[in-house]
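Everything below concerns the one structure shown next.
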Amino acid sequence: MCGIVGYMGDQQAYPILINGLHRLEYRGYDSAGVALLNGHGLHVHKCQGKVSDLEKHVEGRDLGGTVGMGHTRWATHGPPNDINAHPHVSSSGDIALIHNGIIENYAAIKEELAHRGHLFRSDTDTEVLVQLIDDIRRSEGVDLPEAVRLALNSVVGAYAIVVLDQRDPNLMVAARKSSPLVIGIGEHGDHFIASDATPIVEHTKNVVYLEDGEIAVIERGKGLKIRNIKNQDKTPFIQELEMHLEALEKGGYDHFMLKEIHEQPRSIRDSMRGRLNLVKGEVVLGGIKDHEEKFVKAKRILIVGCGTSWHAGLVGEYLLEDLARISVEVEYASEFRYRDPIVDEDDIVIAISQSGETADTLAAIELAKGRGATIIGICNVVGSSIARVTHAGSYTHAGPEIGVASTKAFTAQVTVLTLMALMIGQKRGTITGSRFFRLLNELDAVPEKVEKVLRNEAQIRYIADIYKDATNALYLGRGFSFPVALEGALKLKEISYVHAEGYPAAEMKHGPIALIDEEMPVFVIATKGGSYEKVVSNIQEVKARKGKVIAICTEGDTVVRDLADHVIEIPDAPDPLVPLLSVIPLQLISYHIAVMRGCNVDQPRNLAKSVTVE
Ligand code: M6R
């Protein structure tokens, strides 16, 4: 949550910062601001609203300067307004700071500083930190990096910060703990700072991922130095980015979400590439090779994640239990971390996260790691915090996901989990050779089948038009399709603000059936295989109460076609692979309903892509 960006070099900072803020806007979009340093001191411009509102706000103002920083906010402390927007400036007017994270002990520090005469203007925890740094710098007579270091030793919480002081216009200081920060090193001595690499990639491919507890000091003409908050020097580890600029553009689509839905044939294929070998008849997940033995002997696997990643984890449970016959528990990371779970060194914990930065998932990992479990990550963002703290893992190769609603990340996660379950199942001998080879071939065919589902978009848009004014919706599925029902409901509610619930189809008669009337659209995943007949009975139950049924069914299924109000057909596939196909129409229907309702699809209200606060 919150995106931060910084620049020092020979170019004008403002255009670089604004461009960077546009790239990071998915992280939060309730207010934005920039601070620029030029020969005339510090200039801060900020306002409530999106980055485009900031651009209007600064029209006609002095935007010169080759050093600066920018922020796009997702409010935690204090409502979104001009005053609470970042950057925050110390009462002396000398120091400005931007922050992503939460300072948990801000109230105690604020009280202390108020006694010492500091005046506070905002409701934020961040302002406390900038005042503290200024106070230390003055009272202890230390330079800016040291004042930042001492201040960070007094705070509890999570932060990624950038700090500027108008008395040192050639210095930029940044630090992180539990919130991400990347530093780009340009060819001509320019330095870029950002919450992730997306604002940096068009300037340089050379980056340093700051570690927890590290402070970066960038000085004009002298480059980057890193120390930690214990004052030990660290050698910057420069890595090359593999990201491509085109992946960050809409590429002709109206929204990132639509582009990302349509990218799924490619992203699923990329997540299998080099891992699924049809000729040799094997699955190789290089990232977890060293832990294969542990998987083979495992008695239990725990899966942790949040939101859509948790839904992918639920599909993982069905996959691992079916194919590898290992008992699996899927946990909301936020619950797991606070309930003293039973975990030990025999356990394998799979942590799933698109961003690799979700605070609750990170905390769940730390807890399980502390108890000796082996932690395997399934992340999309290369070099992210979760990817770095896990013992091993397999990246999903979905490419950058910018739309706040997760789409291609889900199918990429499920693809990796399918490969994992197949690989472990084969090694454990819990899957017959013929089933293994059939699933391998069927999995290889999934991208083509997804393309086919995407070709039904016109029909899906037609159905969306019929139900766009609904105020509630139910999503039902059984077995492998139950997590997809949850995911379909989440997609609809988060981008179109229509109340939606996902249920195992058989649970409907234990309560939700009371909601059904002629106004209620019920999306039912009723594909052949598994509990097909039972789901057909559930459809009949809905119809008997005049509910409107939109069924996702297998191509050519006339039984469901005769019962349902609308059907969206998907190609036939074995049960474990159905989620990769059945979720696509649900993503599209949510997208089109949201567009028809005039919602901001890529930046839904109150949300942010990367949830780095608990
Ligand atoms: O980056 P992560 O996968 O860890 O994020 C988890 C959730 O915040 C995320 O899936 C969220 O639920 C999405 N908005 C769903 O579309």
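Just follow the structure's listing: the first ligand is 1, and inside any ligand the first atom is 1.
- The existence of a salt bridge linking Lys205 and Glu240 is excluded, since no basic side-chain nitrogen approaches an acidic carboxylate oxygen closer than 4.0 Å.
- Contact residues of ligand 1 (protein heavy atom closer than 4.0 angstrom to a ligand atom; sorted by chain and number): Cys306, Gly307, Thr308, Ser309, Ser353, Gln354, Ser355, Thr358, Val404, Ala405, Ser406, Leu490, Lys491, Glu494, Val611.
- When ring centroids are compared, His255 and Tyr591 come within the 6.0 Å threshold.
- Side chain of Arg300 to main chain of Ile326: no donor-acceptor pair is present (N/O by atom type, distance under 3.5 Å, no hydrogens or angles).
- Using a 4.0 Å cut-off between charged nitrogen and carboxylate oxygen, Lys468 and Asp465 count as a salt-bridge pair.
- Aromatic ring pairs are classed by plane angle as parallel below 30°, tilted from 30° to 60° and perpendicular above 60°; the pair Tyr462 and His566 is perpendicular.
- Arg269 contributes no side-chain N or O that, together with a main-chain N or O of Pro447, makes up a donor-acceptor pair within less than 3.5 Å.
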